[in-house]
Asker: 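A single structure is presented below for examination.
Every chain is numbered from 1, with letters handed out A, B, ... down the list of sequences.
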There are 2 protein chains.
Amino acid sequence: MNGQDKDKRDQKMVNKENYLAHISLDCVLFGFHENQLKVLLLKMKHNQQWALAGGFVKQQEPIEEAASRILKERTGINNIFLQQFYVFSNPDRSELHLNTDQLTSISDSNFAEDWFRQRFISIGFYALVEFSQVTPTPDPLSEACTWWDLEEIGSLMMDHNQILLKALETLRMQLNHQPIGYNLLPDKFTIPELQRLYEAILGKKLDRRNFQRKIMAYNILRKLDERRSGVAHKAPDLYSFDLEKYHQALQDGLRGGW
Amino acid sequence: MNGQDKDKRDQKMVNKENYLAHISLDCVLFGFHENQLKVLLLKMKHNQQWALAGGFVKQQEPIEEAASRILKERTGINNIFLQQFYVFSNPDRSELHLNTDQLTSISDSNFAEDWFRQRFISIGFYALVEFSQVTPTPDPLSEACTWWDLEEIGSLMMDHNQILLKALETLRMQLNHQPIGYNLLPDKFTIPELQRLYEAILGKKLDRRNFQRKIMAYNILRKLDERRSGVAHKAPDLYSFDLEKYHQALQDGLRGGW
DNA sequence: GCAAAAGTGTTGGCAATACACCCATGC
DNA sequence: GCATGGGTGTATTGCCAACACTTTTGC
C-alpha cells in the first residue's frame, strides 16, 4: 500500500484522529412533495432501524460546516439551508440501542471498533431543501436512504423520534422568522401550493381566501406572467419570492399568527 | 496519601477522566434589580478579562444537570431555571485568547496542563434567577464574581459577547413562551415592576396603561390584599403569579407582540 | 397644594375571521 | 352543465394603541 492509498483509507476511517470525540450531529432534513412534508431517513445496516442523517465533526470544522458536509453527502446538494435547534445529551441515549453484536457488525466495515462505544452528545439541526433536487444516498452504515411522509414515520433509532418532534416544533415556531417557504419550494410556485406547505408544517387547515390576502399583504411575492398549466380546474398564478423584501420582512418576523 | 484523599483530589482535577473532552458550557445568568437587567460575570485570574459562568460536562451527566451544577456553585441556588439556546463552535473561539503564558498560570492550580489546549465546542445556556437570592461565588480560575448592568458590560473573554447577545435575543423571542417574569421577580411584585422588567428585556418603553390591561387580560396574576408600602406616591398593588394558569397560558404562548 | 406615579375608562383604526360571489378548467 | 378549485370582495369582530381622567402618596 502506498502513502496515498493509506491517506485515503484514513480519510474514511471514523476515529479519534479525524473527528471530535463525544460529539455527533443529527440532521432532520425536510422536503415538500405532493402536498406532504417529507423527512429523509436512513435504514441502518446493523439493526435495520430507520434513523436521521447523522455524522461527526472534524477536528477543525465548525458544526454548521459539518452538517452541511453530511447533507451534501446524503443529497448531492451544496449549501442546504440549515439551523441548529437543540442539543440532546441524555447519557442513555445511545447505550439503549447498541449491543455488542451490533458493534461487531459495524466494525466489520471501515470504522474503528471503539468509536461507537463512546457517549455522544448530539447537536440537532433541521434543514430545508427543494425536494426534486435531492438524490438520496445512503452512508457506509446504512443500506437505504429515502424520503418518508411525516405521518408515516414509525419508531426510529435511539432518540431520533424525539429529535424529529423537537425539529418540527422549532420549525413551527420559526415559520415567521426563517425563509422556510423559500427553501422548501421550487423557484416558481402557486399560492395554494404555499398554503399546503404551511398547512403541512402547522398540521392544520387554513382558510384559502384569508391565506391569500395575508400572504400578499406581506408584499414578499412577485406575481409572474405565467400560470400553472395542464392542471385541472382554473389555472393558478405562478409566483416567486422577492428575496430582498422577503429577508427584510423576516428581520422583524412576519406579523401575526396562523 | 490514602485512597480517599486521592479520590477527592481527582474530583477537583479538570481532566479527561472526569469530564467529556471538547465540550464546555457557558451560562448567561440574568437577574433583575433596581429596574436593571443584570448578568453575572467572573473576572479570570489568568488574563484579567471578564467572562460568563462556565464549566464542563461530567462523563455521565446530562448537560442540563451540568449547567445546574455550575450555577449552583456560582450562586448557592439549586434548580435555577435554565434553557439551552445555541452551540458556539467556531474553531478559533478559544485559540484567539489563550497563549502559553496564560496556560502555564492556569496549570499552577488544580488543572491538568493540556486540558485547556483542546478545542471546545460550547453549549450556551441562559438562566433566570431572583436577584436577591444569589451569593456570587468565584470559581478556581477567577478572582471575582459579580453582577453587571447589561448596558455597562464591555469586552468579554473569547466570544462571550456574542454568546451574551444571542442569549438576550433568545430571551426576547421567548418572552411569551417561557416563565420569564416568574423566574426573575420575587414572589410578590407590582405590575409597574413587571413592566420595568419587560422594558429592560425588550430595550424599549411600553405604555403603562396598555401594559396593565394586557397583562391582566392574560389572567395569570393573582392580586394580593397588600400594597407596596413605604414608597413615594400612590402605593401600587402587589401581585403573585397564578402558576397553574401561567403555565397553561405559556403552552400556546401569550398572544400578541410587545 | 402640587408633583409624580398608580389605576381605570374611552375611543378610533386596523387586522383577523367568516363568509358570499365570480372565474376557469376537466369531465 | 357541473363539480372542483382559484381569485376577489365585504362585513363583522376583536384587539391594540393612543389618548383623558381619577386616585393616592410624599413633600
Side-chain angles (χ1 to χ4, degrees), chain A residues 32 34-36 172 175-176 181 185-186 188-202 204-240 249-250 252-258, chain B residues 34-36 172 175-176 181 185-186 188-200 202-240 249 252-258:
Chain A
F32 186 66
E34 290 176 344
N35 297 336
Q36 294 289 335
R172 283 177 188 158
L175 194 53
N176 284 355
L185 291 175
K188 301 175 180 181
F189 56 90
T190 69
I191 293 193
E193 282 162 7
L194 182 59
Q195 181 181 344
R196 306 281 153 56
L197 172 59
Y198 272 64
E199 290 176 339
I201 291 174
L202 296 169
K204 66 177 180 189
K205 291 277 170 205
L206 299 172
D207 184 281
R208 188 173 57 87
R209 300 152 271 188
N210 295 331
F211 183 85
Q212 293 230 15
R213 258 185 310 96
K214 190 164 177 177
I215 280 287
M216 292 313 291
Y218 289 146
N219 198 28
I220 57 177
L221 298 182
R222 265 184 308 121
K223 188 172 183 169
L224 305 178
D225 274 341
E226 306 176 61
R227 308 197 157 178
R228 176 77 69 210
S229 61
V231 71
H233 317 303
K234 181 173 179 177
D237 297 326
L238 283 170
Y239 290 81
S240 284
L250 289 174
D252 320 315
L254 305 177
R255 83 185 65 234
W258 299 100
Chain B
E34 292 176 342
N35 298 334
Q36 294 289 333
R172 282 177 188 156
L175 195 52
N176 285 356
L185 292 175
K188 301 175 180 182
F189 55 90
T190 69
I191 292 190
E193 282 162 8
L194 182 59
Q195 182 182 343
R196 306 282 153 55
L197 172 59
Y198 270 65
E199 290 176 339
L202 296 169
K204 67 177 179 188
K205 292 277 170 204
L206 300 173
D207 184 280
R208 189 173 55 85
R209 302 152 270 192
N210 294 331
F211 184 85
Q212 292 231 15
R213 257 184 311 94
K214 191 163 175 177
I215 280 287
M216 292 311 293
Y218 289 148
N219 197 28
I220 57 177
L221 298 182
R222 266 183 308 122
K223 187 174 184 171
L224 306 177
D225 273 341
E226 304 176 65
R227 306 196 159 180
R228 175 76 70 211
S229 61
V231 70
H233 316 303
K234 180 171 178 177
D237 297 326
L238 283 169
Y239 290 81
S240 283
D252 319 315
L254 305 176
R255 83 183 65 232
W258 299 98

Asker: Is the shortest side-chain heavy-atom distance between B:Glu226 and B:Lys188 below 4.5 Å?
Answerer: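 Yes - at least one pair of side-chain heavy atoms lies under 4.5 Å apart.
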Asker: Using the heavy-atom set of chain B and a strict 4.0 Å cut-off, write down the first and last nucleotide of DNA chain D that makes it in, 5' to 3'.
Answerer: D:dC16 to D:dG26
Asker: Check whether any side-chain heavy atom of B:Leu224 lies under 4.5 Å from a side-chain heavy atom of B:Ser240, and answer yes or no.
Answerer: yes
Asker: Got a second to check how far A:Leu197's CG is from A:Gln36's CD, nearest 0.5 Å?
Answerer: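 So the CG of A:Leu197 and the CD of A:Gln36 are separated by 11.5 Å.
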Asker: Looking at side-chain heavy atoms only, is the closest gap between A:Leu254 and A:Leu175 below 4.5 Å?
Answerer: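 Not in contact.
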Asker: Within this structure, what is the CE-to-P distance between A:Met216 and C:dA15, rounded to whole angstrom?
Answerer: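 Whole-Å distance recorded here is 16 Å.
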Asker: With heavy-atom distances below 4.5 Å as the criterion, would you say the side chains of B:Leu238 and B:Arg227 are in contact?
Answerer: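 With C-beta onward as the side chain, the pair stays apart.
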Asker: Can you measure A:Lys214 atom NZ to C:dT17 atom P for me and round it to whole angstrom units?
Answerer: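 Checked: the NZ to P distance equals 6 Å.
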Asker: To the nearest angstrom, how far is B:Leu238 atom CG from C:dA6 atom P?
Answerer: 12 Å
Asker: With a cut-off of less than 4.0 Å, is there a side-chain N or O of B:Arg228 near OP1 or OP2 of C:dG7?
Answerer: no
Asker: Roughly how far, to the nearest 0.5 Å, is CD1 of B:Ile191 from CD1 of B:Ile215?
Answerer: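 Between B:Ile215 CD1 and B:Ile191 CD1, I get 7.0 Å after rounding to 0.5 Å.
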Asker: Counting the benzene-type ring for Trp, do A:Tyr239 and A:Phe189 have ring centres under 6.0 Å apart?
Answerer: no
Asker: Assign a letter to each nucleotide of nucleotides 19-27 of chain C from its 5' end: B, base within under 4.0 Å of a protein heavy atom; S, sugar-phosphate only; -, no contact.
Answerer: BB--BBBS-
Asker: Got a donor-acceptor contact below 3.5 angstrom from the A:Arg172 side chain to the A:Ile201 backbone?
Answerer: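 Side chain of A:Arg172 to backbone of A:Ile201: a pair is present.
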Asker: Separation of B:Ile215 atom CD1 from C:dT8 atom P, in whole Å?
Answerer: 14 Å
